[in-house]
Amino acid sequence: MGKVINIQPITRIEGHAKVAIHLDDAGNVVETKVHVQALRGFEKFCEGRPAEEMPRIVCHICGICPWAHHLASSKAVDACFGVTPPPAAVKLRRLMQNIAYIGDRILHFYFLAAPDFVIGPDADYSVRNVLGVIQAVPDIARQVVKMRQMTANMLEDFAGRAIHPTFSQAGGVSKPMTEKERSAMLPLAQELLEFSQFTMKFAKDNVFPKYLDAIKTIGVIRVGYLGTVREDGAHDFYDGKLRLMKPDGSYEDFAYDQYLDYIGEWVEPWSYQKFPYAKKWGQLKLDLDDPVGVYRTNCLARVNVVDQMATPLAQAELEEFRAAFGRPAHFTLLYHYARLIELLQCAEQALELLNDPEITSRDIRAEVTPKAGRGVGCVEAPRGSLIHDYETDADGLITKVNLIVGTTHNNAPINLSVFQAAKALIHDGKYDQGILNKVEMAIRAYDP
Amino acid sequence: MGVTVAEEWLNACSGCEISILNTGEALLDLLPHLNFVHIPVLLDHKYFGQTGEKTAFEIPEAVVGIISGGVRNEEHKHVLNEMRQKSKILIALGSCAAYGGIPAQANMFKNDEILEKVFRGSPSTNPSPNPEHSDVPKWTNTVQALDEIVKVDLTIPGCPPHPDWIADAILALLAGKTAWALPERSVCDTCPVIREKKSVGGPIKRGLTNLDFDPEAGLDKMRCINEQGFFCIGPVTLAGCAGKEGVPRCVQARTPCRGCFGPIRKGARPMVDMMGALTSVGLDPKTLVDRRAIMNRYIGAHGYLTVLPARPGK
């Protein structure tokens with residue numbers, strides 16, 4: 001047996017993991033493993049908590065996507081208590097979700113991913129980072145920081161908190177939006193839309209064409225996709241049904257509460273993170289040439305499964321994307337492209353919602369009575385379909401929690417992508433920091 | 001080049017790091033004074049050299065070491081010790097590092113119970129043995145705060161900490177100071193609501209209805225949340241969640257405080273003090289549902305939350 005190359009820690013991602021690349025005596029890659037080292041146990045320690053407290057407990061699962069957990073949890077509790085939030089409450093939840101995701105997408109593209117593309121994947125690590133980006137393109141960087149701060153301020157000024165929110169409640173939300181708050185937010189949302197358009201153009205002119213080779217080679221795998229679609233097949237972050245697409249593009253739709261019929265979770269001894277797989281496709285097989293049961297989530301999956309985007313500018317981009325890469329598009333680095341198509345939709349939808357007269361309705365919370373029940377709440381988190389499945393007792397206290405989060409869905413495909421990238425890049429025992437960074441790029445693509 | 005800084009995250013969610021990035025344009029002004037030598041969220045510095053060629057785990061020396069997250073496994077402990085050794089001043093950033101945070105709710109359960117649930121008690125999971133591998137760090141017995149294991153020089157609490165305080169603490173260090181702490185005030189000291197020192201009475205209400213308030217009017221026209229009969233842990237919680245100015249964030253959302261900045265001072269007994277605060281406005285602490293967990297939501301380390309022989313009601 002040859003040597004093991006350890007990449008530890010994996011950097012510029014949100015999370016704790018390492019990669020081990022196993023080489024044979026000739027120095028060629030025989031196996032790779034992505035070891036996820038974090039486990040906290042939310043599924044157990046939420047037992048006994050009053051269900052209405054859940055949205056403000058489980059948001060702490062992720063500091064990048066707290067709004068996704070906050071809303072999936074609210075929907076699960078709504079379902080446990082059998083309550084339907086008023087339309088304005090749903091619109092306010094959606095508005096906050098879109099604003100939060102705008103900030104998130106900007107963060108990922110410019111701060112986490114851009115160093116590989118703006119500075120270059122082979123550059124020394126001392127400059128291949130956000131500080132290097134700031135030096136390389138100071139005007140854009142200042143604009144990025146300003147836009148991110150703006151999304152945080154919009155969330156905080158209205159909903160109190162940008163990170164780990166408390167706004168969404170069982171049966172609705174905690175406060176209505178006043179006309180004053182609405183009109184203060186409108187020009188800001190307009191500015192975010194303009195910046196989103198700028199970002200898409202910047203990426204299409206300066207980033208994607210330059211890295212077309214990398215896009216076609218790094219981390220490429222051929223697997224299935226999972227994401228939410230509306231009844232009419234359009235993209236939606238907040239509600240709809242799940243669509244599970246095979247690598248050939250054929251698909252099956254199912255309601256959120258049917259997820260156990262379609263998704264199983266496999267456990268491997270070498271990672272705390274489980275491996276969700278499409279049960280109906282067979283036993284999970286992490287074989288690069290013939291994977292079984294493997295599907296991906298997050299933006300690339302969503303733009304693959306939807307029939308269309310929900311807004312006009314995003315739809316125009318999707319059409320261009322599909323003309324270039326087909327449906328489903330399989331190149332892993334296209335996650336970065338798909339993320340920006342979604343950024344546009346978030347910005348367009350935020351504006352749409354702010355222009356909706358119902359957004360300032362005072363009817364924002366339905367009456368809630370604790371009771372025994374089960375509720376499956378699902379939203380699309382930045383990283384993918386997020387499933388919260390709760391059961392409550394007669395007092396409305398939590399008795400069971402099952403969570404499948406975005407990142408976990410992508411565990412199997414990330415492992416395959418890393419194996420593919422390592423195999424393609426490392427030969428005869430030759431590698432350097434630039435090559436190992438390209439292996440990590442296969443992971444970064446899947447991040448929020 | 002500025003002062004050298006190393007940053008790490010342990011049993012954390014990355015919210016603290018996002019809070020730093022939310023500092024906005026002030027961040028750009030601060031950055032030239034900081035020389036990051038290690039920060040996994042932003043910088044590709046590796047523990048065993050850039051190609052994994054070294055045999056010893058190494059984080060570079062730094063004047064300031066910042067750690068978010070508490071300690072949940074052996075690897076966290078290892079990283080914490082290395083950070084302590086290599087940093088002149090060690091900062092515990094956020095309430096997980098300071099008090100265990102939300103993940104320390106796990107301290108109410110035995111490790112075996114939790115792992116049993118996660119790997120064998122979930123309806124979607126193929127029941128399997130707990131993962132065990134040299135690259136999967138073993139859990140420690142409980143979730144701990146950093147100062148239970150090493151000396152911490154400076155604490156910036158909060159979930160997340162407000163960027164104002166992160167910048168303030170770092171600027172103090174840049175100015176040559178070695179100590180910094182938030183002012184000892186309670187959330188109530190910064191909360192503008194109307195207080196009449198008397199509640200509406202009755203059992204403490206769960207968060208099943210919204211607070212009573214006029215959305216067009218400011219918080220100074222809203223009655224205190226405890227006095228409205230709901231549970232708000234502001235009286236025994238350190239102020240500062242909204243930064244140097246501004247009203248408490250959760251109250252801004254018209255929701256009660258749950259104590260994310262932790263106790264007002266070291267050695268405080270927030271649960272005892274809070275029962276006193278409730279009693280003083282005529283509420284019966286015994287009527288608070290899930291009292292122990294809710295009162296210790298962010299501070300379960302330091303022995304505040306432990307496994308009880310039998311849980312109430314079971």
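Per chain, numbering begins at 1; letters A, B, ... match sequence-line order. In this text, all values refer to a predicted model and were calculated from it rather than measured experimentally.
- In this structure, chain A has a heavy atom under 4.5 Å from the side chain of B/R297, while its backbone stays farther away.
- Counting only heavy atoms from C-beta outward, the side chains of A/Y259 and A/V376 approach each other to under 4.5 Å.
- Both the backbone and the side chain of A/I163 come within less than 4.5 Å of a heavy atom of chain B.
- Using a 4.5 Å cut-off between heavy atoms, B/I18 touches chain A through backbone and side chain atoms alike.
- Under the rule for a side chain to side chain donor-acceptor pair (under 3.5 Å), the partners of A/K18 that lie at least two apart in sequence or sit in another chain are A/N6, B/D135.
- Taking a cutoff of 4.0 Å between a charged side-chain nitrogen and a carboxylate oxygen, A/E47 and A/K400 do not qualify as a salt bridge.
- Using a 4.5 Å cut-off on side-chain heavy atoms (C-beta onward), A/L112 and A/R444 make no contact.
- For B/P129, the part lying under 4.5 angstrom from a heavy atom of chain A is the backbone only.
- When heavy atoms are compared at a cutoff of 4.5 Å, A/V83 does not approach chain B at all.
- Between A/D116 and A/R12 there is a salt bridge, since at least one side-chain N of the basic residue sits less than 4.0 Å from a carboxylate O of the acidic one.
- Contacts of B/F57 with chain A are absent, with no heavy-atom separation under 4.5 Å from either backbone or side chain.
- Annotation: side chain of B/W9 is not in contact with side chain of B/I67 (no heavy-atom distance under 4.5 Å).
- For a residue to count as touching a neighbouring chain, one of its non-hydrogen atoms must lie under 4.5 Å from one of that chain's; by this rule B/S134 does not touch chain A.
- When the shell of 6.0 Å around CD of B/E132 is examined, it contains 12 or fewer heavy atoms from other residues, nucleotides or ligands.
- Taking chain B as the reference chain and counting heavy-atom pairs below 4.5 Å, the highest number among A/H164, A/Q433, A/E265 is found for A/E265.
- The salt bridge (Lys or Arg N to Asp or Glu O under 4.0 Å) analysis of residues 245-256 of chain B, with sequence neighbours excluded, yields the pairs A/E156-B/R249.
- Of the atoms belonging to B/T209, it is backbone heavy atoms, and not side-chain ones, that fall under 4.5 Å from chain A.
- B/P256 touches chain A through backbone and side chain together, each having a heavy atom under 4.5 Å away.
- For an aromatic pair to be called close, the ring centres must be under 6.0 Å apart, and A/H60 with B/Y298 satisfies this.
- In terms of non-hydrogen atom pairs under 4.5 Å with chain B, the most contact-rich of A/P165, A/C62, A/P115 is A/C62.
- A/Y277 touches chain B through its side chain: at least one heavy atom from C-beta onward sits under 4.5 Å away, while N, CA, C and O do not.
- Between A/F167 and A/F158, the ring center distance clears the sub-6.0 Å criterion.
- At a heavy-atom separation below 4.5 angstrom, chain A is approached by B/D44, B/H45, B/K46, B/Y47, B/F48, B/Q50, B/T51, B/G52 within residues 44-55 of chain B.
- Both the backbone and the side chain of A/I57 come within contact range of chain B, judged by heavy atoms closer than 4.5 Å.
- Scanning residues 68-79 of chain B against chain A with a 4.5 Å non-hydrogen threshold yields B/R72, B/N73, B/E75, sorted by number.
- Only the side chain of B/D290 comes within contact range of chain A, with heavy atoms under 4.5 Å apart.
- Taking the six-membered ring where the residue is Trp, the centroids of B/F109 and B/W139 are separated by 6.0 Å or more.
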